[in-house]
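Have a look at the structure below before the remarks.
Note on naming: letters A, B, ... go to the chains in the order of the sequence lines (proteins, then strands), and numbering restarts at 1 for each one.
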Amino acid sequence: MDVSQILDPLNDAQRQAVCAEANNVLVLAGAGSGKTRVLVHRIAWMLAAESATPYGILAVTFTNKAAGEMRGRIEQLLGIPSSGMWVGTFHGIAHRLLRSHWKEAGLSQHFQVMDSEDQLRAVRRVIREMGLDEGQWPPKESQWYINARKDEGKRPESLDHHGDPHLRHMIEIYAEYERYCQRAGVIDFAELLLRSHSLWLEQPEILQHYQNRFRYILVDEFQDTNTIQYAWLRMLAGKSLSMFAVGDDDQSIYGWRGAKVENIHQFSKDFKNTETYRLEQNYRSTGNILNAANALIDHNAERMGKELWTDDGEGELIQLYAAFNEQDEAQFIVDKIRDWVDKGGLRSECAVLYRSNAQSRVIEERLIQHGLPYRVYGGLRFFERQEIKDALAYLRLINNRDDDASFERIVNVPTRGIGGRTVEVIRETARNSGVPMWQAAYHLIEHKQLAARALNALQFFVQRIEDMKKAIDGIQLHEQIEHVIHESGLIDHYKKEKGEKGRTRIENLDELINAGRNYDEDAFEEEIEQSDVLTAFLSHASLEAGERQGDEWDDCVQLMTLHSAKGLEFKQVFLCGLEEGLFPHRLSVEEPGRLEEERRLCYVGMTRAMERLVVSYAEKRRLYGEEKFARPSRFISEIPSQYVEEIRLGGSVATPKYDGSYARVAEVEDKDAPVKLGQRVFHQKFGEGIVLNYEGQGRHARVQVNFEMAGSKWLVMEYANLQFQ
DNA sequence: ACACCTTTGTCGCGG
DNA sequence: ACAAAGGTGT
């Protein structure tokens, strides 16, 4: 391919980084400075000018979304499929290694990956089996402890309790949990990395094979690497010709899961002959947005120092809206999106970003109300739904009979007369003879060590699983899935569930068959052995959790957390819920380091916006089903007021949060509002009151009024006959 | 053993 | 507010 094609679209700084001759290159790339572009063009450069082959290239990212994006852009630039190259997430690549070397890694051939819910169940089970009290040893806490140690690369043997009895128990739980996973043939996310690291450590010839192969390693979002990932990279890079890391310390937002920003500083010490490049020209946002973001991040003390600039004009001011409550906030956002669309904009150019997943619901309801299609990223994902996990558990057990977690999940789903008592006997038997529950069940049936009724039921279950295994041998994946969800009785079981819920569950199970059909095609292309397709699909379900559901190409409003927005850009961005306690989150305020991380998160959110940034907060919000009042986030006051205009709806009850000296105050008439918030009204029966909230429009609108005598009530405008005062 | 009801924990983010 | 875990009555 022509070298000019690779280099011409780049600016000077980008070109220097792409063509760098040093072995090891560290690129400090600010938000919107063309980070992905540099990575992709570097790959093209290595192929064109450095005699690299696709086979020798490994590109690592953190999220599936980023990996997909990179693959797409490589293919776009090179005009060929990225085959031969390994492009994927740390976890995905580690998984691939372990599948190839399951034996050397000490795993069973059909080992399965647990998601965090499965892991929590496993930890709970271990704690119970150890005879510990769940109240005193909360499974959540142990799960957190175990994952944190794994992220640090530490096994229970290498941990010291220093005489602390609490710590000693934690380490024991960790050790017992490891034995459980080993027995059941399952591994958790952190274990993928830890295990592939120790595989290389203990099997030098395997390590050498990969060191010889991957001479060109590229890492995206380097600031998010944790201890074990960094160690993993260092080990692999032993013989590499080029290690190319791209990162931004101002966008380090994964400290809570063990990421070490220090790895950026460490890089040039550990990797000899490192050249560092900085990308500071921003091609994404307007001047105002950029200046505001720069000013915000300047409140952080621990920075490597970097200031974004742009050639573009100032653009619009940042809009700030003080909502009365979360309903009002959602209404405001939806109105602005409708406005955008009315003026010819696309829905997919609008993104609503929030701190925590739970905030999406109110916005979703409002979008539905106005008939705006939307798509939520994250949250409860497809493969995490109850009915899907049930179906997967059947497939897992058929695939690997040692999988106790799956056994327990479905042995009595749908109910078939195997109650808690019987399950306990099976569990006991299994534990006493150190075998999986499946074998224990067999043993109990053979020796008739159960009451006749339970015995029959169990025998029926075991037989059913065996039959299914035989029936699905050699047929296509989607046929296997279809067979299993029918034969297991899951379809009939969920058909019985009343209302909307049951119907969606059946739809989801049908969708699972579809997912299988798609996977069949992928597997064919990737030349996966027919007999391994099921195993691969089940891992895929854990690792990707169904991010790709829904119609990606449809024109949808985009809803996601700030964390999942990293790396993306949108013309119009709504940053909502900027309240003390929510953002920054209350648990982060205590620890100074964590607070800076929250600020970086805010910085990430702001720099997603290309043309328009709208920031909002609610003075009152429902949390845990309770009304809570909050102050505006400190981040709002950290944005210099000259970049901000405040939006006020006519007669809004919400009050401006600080001195009010914004560049501009825009009074906007809310044309659809049936009534103004804060309006005083009179009702025949209830007397005088103040409008707190409303939903809907025109005659069918419902209004919430707080009456002085009668308290708060919801009334329908059409009938209430309110008099305005 | 199971359907139904009450209690409890969660909503802090991703693979 | 909601879902899952735990408890109760049949």
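No engagement by A:Glu221 is indicated, since no non-hydrogen atom pair under 4.0 Å with the nucleic acid exists. Across all strands, A:Arg621 comes closer than 4.0 Å to no nucleic acid atom at all (heavy-atom distances). A:Ala454 comes within 4.0 angstrom of nothing in the nucleic acid, heavy atoms only. Contacts of A:Ser542 with the nucleic acid, taken as non-hydrogen atoms under 4.0 Å apart, are absent.
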Legend entry - nucleotides 2-7 of chain C: protein proximity per nucleotide (B base, S sugar-phosphate only, - neither; heavy atom, under 4.0 Å): S-SSS-
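Using cut-offs of 30° and 60° on the angle between ring planes, the pair A:His563 and A:Tyr254 is tilted.
Rounding to whole angstrom units, NE2 of residue A:His563 and P of B:dG15 are separated by 11 Å. Atom-to-atom, CD of A:Glu544 to P of B:dG15 comes out at 9 Å; the value is rounded to the nearest Å. If you take NZ of A:Lys566 and P of B:dG15, they are 11 Å apart, rounded to a whole angstrom. Between the CD atom of A:Glu626 and the P atom of B:dG9 there is a distance of 16 Å, rounded to whole Å. A:Asn226 has its CG atom 16 Å from the P atom of B:dG14, to the nearest Å.
Residues meeting the ring-ring contact (aromatic ring centres under 6.0 Å, His included) test with A:Phe635, sequence neighbours left out: A:Phe583. Annotation: ring-ring contact (aromatic ring centres under 6.0 Å, His included) contacts of A:Phe214 (sequence neighbours excluded): A:Trp86. Residues satisfying the side-chain hydrogen bond (donor to acceptor under 3.5 Å, both in side chains) test with A:Arg234, not counting sequence neighbours, are A:Asp270. In this structure A:Phe461 satisfies the ring-ring contact (aromatic ring centres under 6.0 Å, His included) test together with A:Phe407, sequence neighbours excluded. By the ring-ring contact (aromatic ring centres under 6.0 Å, His included) test, A:His493 pairs with no residue at all, sequence neighbours left out.
Close to B:dG14, at under 4.0 Å from its OP1 or OP2, lies a side-chain N or O of A:Thr561.
Between A:Tyr624 and B:dC11, no base-stacking contact is recorded for ring centres under 5.5 Å apart and planes less than 30° from parallel.
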